[in-house]
Peer 1: 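First the structure, which I've put down as structure tokens, then a few questions once you've had a look.
FYI, side chains are in, hydrogens and waters are out, and symmetry mates aren't considered; it's all heavy atoms of this structure.
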Amino acid sequence: MRGAPVEVLQRVPLFADLSPDELQQIALLFKERDFEAGETIIQEGSGGSAFYVIEAGEATVTIQGTVRSRLGAGDFFGEIALIDDGTRMATITAATRLDCYGLTYWDFRPLVESNGVIGWKLLQRMAMMLRDARRG
């Protein structure tokens with residue numbers, strides 16, 4: 001099956017300013033992805049090109065060998081990779097079987113390039129997130 005439920009994407013801060021129609025366009029780009037317990041999904045320092053929203057299961061977030069948090073249903077990771085295709089800031093490992101929706105940079109970029117309204121809303125949201133992060 002292709003696509004993610006719009007309701008799932010509404011919880012992602014990066015997409016908070018998008019209209020239901022804009023979210024639907026993005027939702028159709030997602031693909032279902034499943035990972036087995038113990039499987040590394042993202043490796044810290046590696047190249048990154050995918051964003052994931054967890055539908056079911058749990059994952060651990062490790063930075064420089066230290067577990068920093070656990071993620072569960074409704075959580076997400078890799079959103080920065082949708083914008084910059086850069087290196088990963090953490091390792092994400094499936095703690096249990098993990099059912100996700102995944103979106104790649106190369107599927108996302110053409111939509112943003114062809115839709116300036118979506119691109120501008122994402123740019124504004126990223127600026128707001130950066131401002132909030134700098135405030136601590």
Peer 1: Quick one: are the ring centres of Tyr52 and Phe35 less than 6.0 Å apart?
Peer 2: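 When the ring centroids of Tyr52 and Phe35 are compared, they turn out to be within the sub-6.0 Å range.
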Peer 1: side-chain contact (heavy atoms from CB on, under 4.5 Å) between Arg97 and Asp99: does it pass, once the steps are laid out?
Peer 2: CA-CA 7 Å; Arg97 178 180 165 81; Asp99 300 329; 3.3 Å; yes
Peer 1: Please give me the minimum heavy-atom distance between Arg11 and Pro13, naming the atom from each residue.
Peer 2: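 Between these two residues, the closest heavy atoms are O-CD, 3.4 Å.
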Peer 1: Counting only N and O atoms by type, is there a donor-acceptor contact under 3.5 Å from the side chain of Thr93 to the main-chain atoms of Gly38?
Peer 2: no
Peer 1: For Met89, does the CE atom sit with more than 12 other heavy atoms under 6.0 Å from it, leaving out its own atoms?
Peer 2: no
Peer 1: Can you name the nearest heavy-atom pair linking Gly57 to Leu98, along with the distance?
Peer 2: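 It is C-CD1, 3.6 Å.
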Peer 1: Taking all non-hydrogen atoms of both residues into account, name the closest pair between Leu29 and Gln25 and its distance.
Peer 2: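 Answer, listing the atom of Leu29 first, then Gln25: CG-O, 3.7 Å.
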Peer 1: Please report the interatomic distance CD(Glu7) to CG(Leu23), rounded to the nearest 0.5 Å.
Peer 2: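 Atom-to-atom, Glu7:CD and Leu23:CG are 10.0 Å apart.
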Peer 1: Is a side-chain donor or acceptor of Glu44 paired with a backbone partner of Gln64 at a separation under 3.5 angstrom?
Peer 2: yes
Peer 1: Under 4.5 Å between side-chain heavy atoms, counting indirect links through other Ile/Leu/Val/Met/Phe/Trp/Tyr residues: same cluster for Leu14 and Leu111 or not?
Peer 2: yes
Peer 1: With a 4.5 Å cut-off on side-chain heavy-atom distances among I, L, V, M, F, W and Y, is there a chain of contacts connecting Ile92 to Tyr105?
Peer 2: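 No: no chain of side-chain contacts under 4.5 Å links Ile92 to Tyr105.
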Peer 1: Calculate, to the nearest 0.5 Å, the distance between atoms CD1 and OG1 belonging to Ile80 and Thr87 respectively.
Peer 2: 10.0 Å
Peer 1: Could you see if Val12 belongs to whatever hydrophobic cluster contains Phe108? Use Ile, Leu, Val, Met, Phe, Trp, Tyr and a side-chain cutoff under 4.5 Å.
Peer 2: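 Same cluster.
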Peer 1: Which pair of heavy atoms, one from Ala90 and one from Ile63, lies closest together, and at what distance?
Peer 2: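 Shortest heavy-atom separation between Ala90 and Ile63 comes out as CB-CG1, 3.7 Å.
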Peer 1: Before you tell me yes or no, could you show the steps for Leu71 and Phe77 under side-chain contact (heavy atoms from CB on, under 4.5 Å), namely the whole-Å CA-CA distance, both residues' side-chain angles and the distance that decides it to 0.1 Å?
Peer 2: CA-CA 9 Å; Leu71 303 173; Phe77 54 95; 3.7 Å; yes
Peer 1: Dump the intermediate steps for side-chain contact (heavy atoms from CB on, under 4.5 Å) on Ile41 and Arg33, then the final yes or no.
Peer 2: CA-CA 10 Å; Ile41 302 156; Arg33 293 291 314 269; over 6 Å; no
Peer 1: With a cut-off of 6.0 Å (strictly less than), are more than 12 heavy atoms of other residues, nucleotides or ligands near CZ of Arg109?
Peer 2: no
Peer 1: Do Phe51 and Ile26 land in one hydrophobic cluster if side-chain heavy atoms of ILVMFWY residues count as linked below 4.5 Å?
Peer 2: yes
Peer 1: Which of these, Arg134, Arg135, Met129, sits in a side-chain contact (heavy atoms from CB on, under 4.5 Å) with Asp132?
Peer 2: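 Answer after filtering Arg134, Arg135, Met129: Arg135.
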Peer 1: Hey, any chance Leu18 and Val8 share a hydrophobic cluster, counting ILVMFWY side chains that come within less than 4.5 Å of each other, even indirectly?
Peer 2: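 In one cluster: yes.
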Peer 1: Say you draw a straight line from CG of Leu123 to CG of Asp17; how long is it, rounded to the nearest 0.5 Å?
Peer 2: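 Spacing of CG (Leu123) from CG (Asp17) equals 11.5 Å.
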Peer 1: Just to verify, which of Tyr101, Phe76, Phe30 counts as forming a side-chain contact (heavy atoms from CB on, under 4.5 Å) with Leu9?
Peer 2: Phe30
Peer 1: On a heavy-atom basis, which atom in Ala95 and which in Ala37 lie closest, and how many Å separate them?
Peer 2: O-CB, 3.8 Å
Peer 1: Taking all heavy atoms of Ala73 and all of Glu55, pick out the closest pair and write down the distance.
Peer 2: CB-O, 3.4 Å
Peer 1: First locate atom CD of Glu58, then atom CG of Asp75, and finally report the distance between them rounded to the nearest 0.5 Å.
Peer 2: 9.5 Å
